[in-house]
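Take a look at the structure set out below.
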There are 2 protein chains.
Amino acid sequence: MGRKRLPESADGRPTVHTVAARAGVSIASASRVLNGVGGSPETVRKVRAAAAEVGYVPNAIARSLQSQRTGLVALAVEDIGNPVYVEMMRAIESVVAASGRQLLVHATGGQIANETALLRRLAHRYVDGMIVSPIRVTDDHLAALVDSPVPVVVVGQLGADAPVDNVRTDSRTGVALAVDHLVAAGRRRIGFVNGPLDTVPGAARDAGFRAALAAHGIDLDERLVEVGDFQYAAGRAATERLLARACPDALVCANDLIAVGALHALLAAGHRVPQDVALVGMDDTELARMMFPQLSSVSLGSAERGRRAAELLLQRIADPTLPPRREQVAPSLAVRASSATVATTGAELPAPRTPEVTA
Amino acid sequence: MGRKRLPESADGRPTVHTVAARAGVSIASASRVLNGVGGSPETVRKVRAAAAEVGYVPNAIARSLQSQRTGLVALAVEDIGNPVYVEMMRAIESVVAASGRQLLVHATGGQIANETALLRRLAHRYVDGMIVSPIRVTDDHLAALVDSPVPVVVVGQLGADAPVDNVRTDSRTGVALAVDHLVAAGRRRIGFVNGPLDTVPGAARDAGFRAALAAHGIDLDERLVEVGDFQYAAGRAATERLLARACPDALVCANDLIAVGALHALLAAGHRVPQDVALVGMDDTELARMMFPQLSSVSLGSAERGRRAAELLLQRIADPTLPPRREQVAPSLAVRASSATVATTGAELPAPRTPEVTA
DNA sequence: CAGACTCCCGGAAACGTTTACAGCAGGCAG
DNA sequence: CTGCCTGCTGTAAACGTTTCCGGGAGTCTG
């Protein structure tokens with residue numbers, strides 16, 4: 001009745017060998033039972049009991065090495081603090097979860113090196129696929145995307161001929177929606193608070209803003225344009241600089257975080273919103289609805305883009321030979337109190353509901 | 001000169017065998033060169049060239065199976081939309097990155113099953129360790145934590161005797177800080193908008209609020225207490241319900257999202273903040289500083305807790321035999337415009353700076 | 001010049017699974 | 001009674017890496 005020393009893994013945890021030895025069967029039988037395929041009633045009983053006794057938990061790494069899949073999908077974004085990525089993530093998560101996989105998120109901090117390293121390292125088989133939403137795209141970056149060892153889908157603009165699955169929106173048209181709306185409301189001194197021009201969205205929005213003004217025959221006063229980065233604090237500081245030298249009657253902001261910063265700067269400087277200055281943000285995140293007054297915002301369909309990206313990714317995982325595909329989500333405008341046509345009372349609108357006008 | 005078919009992995013990608021064959025060396029030599037240890041100049045040259053030609057990328061799974069580590073650390077939180085977790089995540093990320101590892105985030109959606117499943121599945125060796133911040137803790141959950149196959153650190157309250165590394169704060173004292181501050185400012189009809197009472201933080205904050213009022217000899221009017229969940233929309237709705245039946249001169253909110261909802265509800269109902277109603281949030285996130293007026297908030301040291309949790313985790317990964325440790329981070333109060341003592345002008349304070357008083 | 005020492009190389013054994021394959025026993029039909 | 005089929009079982013070979021170990025060649029020392 002001497003108890004023999006059972007085989008175990010290097011760190012002392014039980015392996016399938018431990019279970020098999022304890023149950024007095026082969027590792028093949030043990031594995032089969034643990035996976036629920038085959039096995040006589042008696043074998044099943046013995047293996048189950050042995051596994052429970054030693055507290056067996058399968059080593060997912062070893063299993064993945066064998067099966068060539070991990071059941072994990074990664075999302076890499078530059079800043080989880082930005083609610084637009086939260087919304088995108090939720091959409092992706094629900095699609096991914098429905099396929100029985102788990103979603104992992106990685107924040108790159110917007111650093112190219114970081115993101116490329118992620119692609120080159122983590123993607124090297126730790127995940128079955130990944131979705132990345134880069135805001136800067138270098139050649140090196142693109143190369144890493146193209147010959148990624150796992151399927152990759154990009155959310156955002158990418159060179160026209162890049163052979164990578166891609167879900168984009170048209171942020172130039174998005175900016176135009178905002179400008180059209182403000183012009184229609186009688187605003188003429190329309191300012192723009194943007195993010196860095198060396199980012200893909202920053203450049204696109206700048207171009208879109210200039211084009212939209214031109215389309216209305218409005219000469220752009222360069223003093224009404226200011227650049228920070230895509231964060232709250234920078235948006236607020238940029239707006240303060242802008243207000244110090246010019247007097248806009250409307251502001252378009254390149255995303256909602258900037259718009260919230262602008263709102264803060266405007267209110268702190270004693271401007272009324274929307275009476276004195278109308279304000280329109282971009283991305284139409286939950287944050288826009290949290291503000292008082294609620295912010296009008298251009299929706300770039302982040303949830304929809306996330307959903308579609310996830311679907312593309314799952315399809316490509318299922319069939320890696322698919323040709324590269326490209327999908328586009330149209331922007332729309334949600335008009336709320338921050339740019340509503342001012343009622344005769346002159347009071348801020350209470351806006352307990354969220355009126356949305358989709359253009 | 002006939003080119004022989006090189007060995008390759010099942011999915012057609014090159015392996016170390018491919019590289020070795022192409023370079024005319026053994027896989028051992030190839031592996032050594034690729035890892036930068038040893039190898040004659042000539043061998044190094046040949047292997048490097050072969051690797052570049054076939055586009056070799058190492059299979060991280062196989063490497064991990066061998067080395068018993070993945071270089072990945074996971075953080076599981078219930079809701080990435082909550083900025084408190086973003087701050088915690090950033091703190092964790094910086095510690096983890098400094099150790100040469102990568103951080104992955106998983107949103108559990110607050111569902112127990114989800115979180116337990118994560119522990120039971122993903123943790124089964126895909127990551128070297130994980131940090132979880134559960135808001136509900138069941139026995140099953142606790143069991144999964146205790147016999148996790150990888151090191152786990154919990155951020156948040158946990159049963160006193162749970163043998164798990166744990167970083168907590170004292171949210172009861174935190175609530176007391178808010179109440180003390182409001183009482184000192186002359187407020188007496190202090191309301192409380194809380195999250196679900198069946199969550200750990202919800203229960204602790206409820207108890208803390210009642211105790212703090214009692215300490216000041218104030219009878220609690222139950223109509224001044226309302227419960228929603230820890231989200232913006234619920235906070236706003238809960239505050240609307242509260243305002244419909246009572247008339248507080250101050251509100252304490254169980255987190256900043258709720259506080260923002262409360263601010264919106266107050267302003268929409270025509271109350272001035274802080275003149276009519278003072279407002280104090282909790283968690284002291286970036287969101288509190290984004291509001292106008294800026295929100296006073298009780299800091300529960302989320303960044304500090306994250307940092308410490310990450311350090312505990314790294315220590316435990318290095319030495320799994322360490323006894324369970326418990327650390328505590330003291331709360332503090334940041335007083336801002338939303339609860340500032342009202343100036344004689346009666347105007348809202350511009351508060352361009354962020355005055356912080358640490359209690 | 002012989003021996004020891006260094007350096008580099010290749011074979012082979014791990015890491016912990018899954019699974020193809022073959023062997024074996026038992027049941028049933030001819 | 002014999003042959004085939006069915007259902008389990010165990011052996012062994014993968015999956016792609018790293019690494020231990022022994023052998024061979026070259027160099028330095030005595």
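It should be emphasised that the depicted structure is a prediction, and the values quoted were computed from it without experimental measurement.
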Set of salt bridge (charged side-chain N to carboxylate O under 4.0 Å, His left out) partners for B:Arg45, sequence neighbours left out: B:Glu42
Can you name the salt bridge (charged side-chain N to carboxylate O under 4.0 Å, His left out) partners of A:Arg90, sequence neighbours left out?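 With sequence neighbours excluded, A:Arg90 shows a salt bridge (charged side-chain N to carboxylate O under 4.0 Å, His left out) to B:Asp79, given in chain and number order.
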Quick check on contacts: within residues 32-39 of chain B, what sits under 4.0 Å from DNA chain D by heavy-atom distance?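 Per residue number, the list reads B:Arg32, B:Asn35.
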Hey, can you pull the donor-acceptor pairs under 3.5 Å for the side chains in residues 53-62 of chain B, sequence neighbours left out?
residue	atom	partner	partner atom	Å
B:Glu53	OE1	B:Arg22	NE	2.7
B:Glu53	OE1	B:Arg22	NH2	2.6
B:Asn59	OD1	B:Ile61	N	2.8
B:Asn59	OD1	B:Ala62	N	3.1

Side chain of [X] - closest among [options]:
X	options	answer
B:Ser29	C:dG10, D:dT17, D:dG10	C:dG10
B:Thr15	D:dC8, D:dG10, D:dT17	D:dT17
B:Ala28	D:dG10, C:dG10, C:dT17	C:dG10
B:Gln66	D:dG16, D:dA14, D:dG10	D:dG16

So A:Ser31, base contact, sugar-phosphate only, or nothing? Heavy-atom distance under 4.0 Å. base
Side chains of A:Thr43 and A:Ser40: any donor to acceptor distance under 3.5 Å?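 A:Thr43 and A:Ser40 do have a side-chain donor-acceptor pair below 3.5 Å.
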With no hydrogens and no angle check, do the side chains of B:Ser99 and B:Arg101 hold a donor and an acceptor under 3.5 Å apart?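 A pair is found: one side chain offers a donor N or O, the other an acceptor, under 3.5 Å apart.
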Nearest-angstrom distance from the residue atom [atom1] of [X] to [atom2] of [N]:
X	N	atom1	atom2	answer
B:Tyr126	C:dG16	OH	P	15 Å
B:His17	D:dA14	NE2	P	11 Å
A:Ile27	D:dC15	CD1	C1'	14 Å
A:Arg63	C:dT17	CZ	P	8 Å
B:Asn59	C:dT17	CG	C1'	14 Å
A:Leu65	C:dT18	CG	P	11 Å
B:Ile61	D:dA14	CD1	C1'	16 Å
A:Arg13	C:dT17	CZ	P	11 Å

Taking atom [atom1] of [X] as the centre, report whether more than 12 heavy atoms of other residues, nucleotides or ligands fall under 6.0 Å from it.
X	atom1	result
B:Arg168	CZ	yes
A:Asp319	CG	yes
A:Asp139	CG	no

Closest-nucleotide mapping onto DNA chain C: is B:Ala62 or B:Gly24 further toward the 5' terminus? I mean the 5' end.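 Nearer the 5' end of the strand: B:Gly24.
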At less than 4.0 Å, is any side-chain N or O atom of [X] found next to OP1 or OP2 of [N]? Yes or no.
X	N	answer
B:Gln68	C:dA14	no
A:Ser26	D:dG10	yes
A:Ser67	C:dT18	no
A:Ser40	D:dT9	yes

For B:Glu87, side chain to side chain contact (heavy atoms under 4.5 Å, CB included) partners two or more places apart: B:Thr285, B:Glu286, B:Arg289, B:Ser302
Under 3.5 Å, which N/O atoms of the protein pair with N/O atoms of nucleotides 5-7 of chain D?
none

Pick one: which of A:Val127, A:Val96, A:Val95 meets side chain to side chain contact (heavy atoms under 4.5 Å, CB included) with A:Leu103? A:Val96
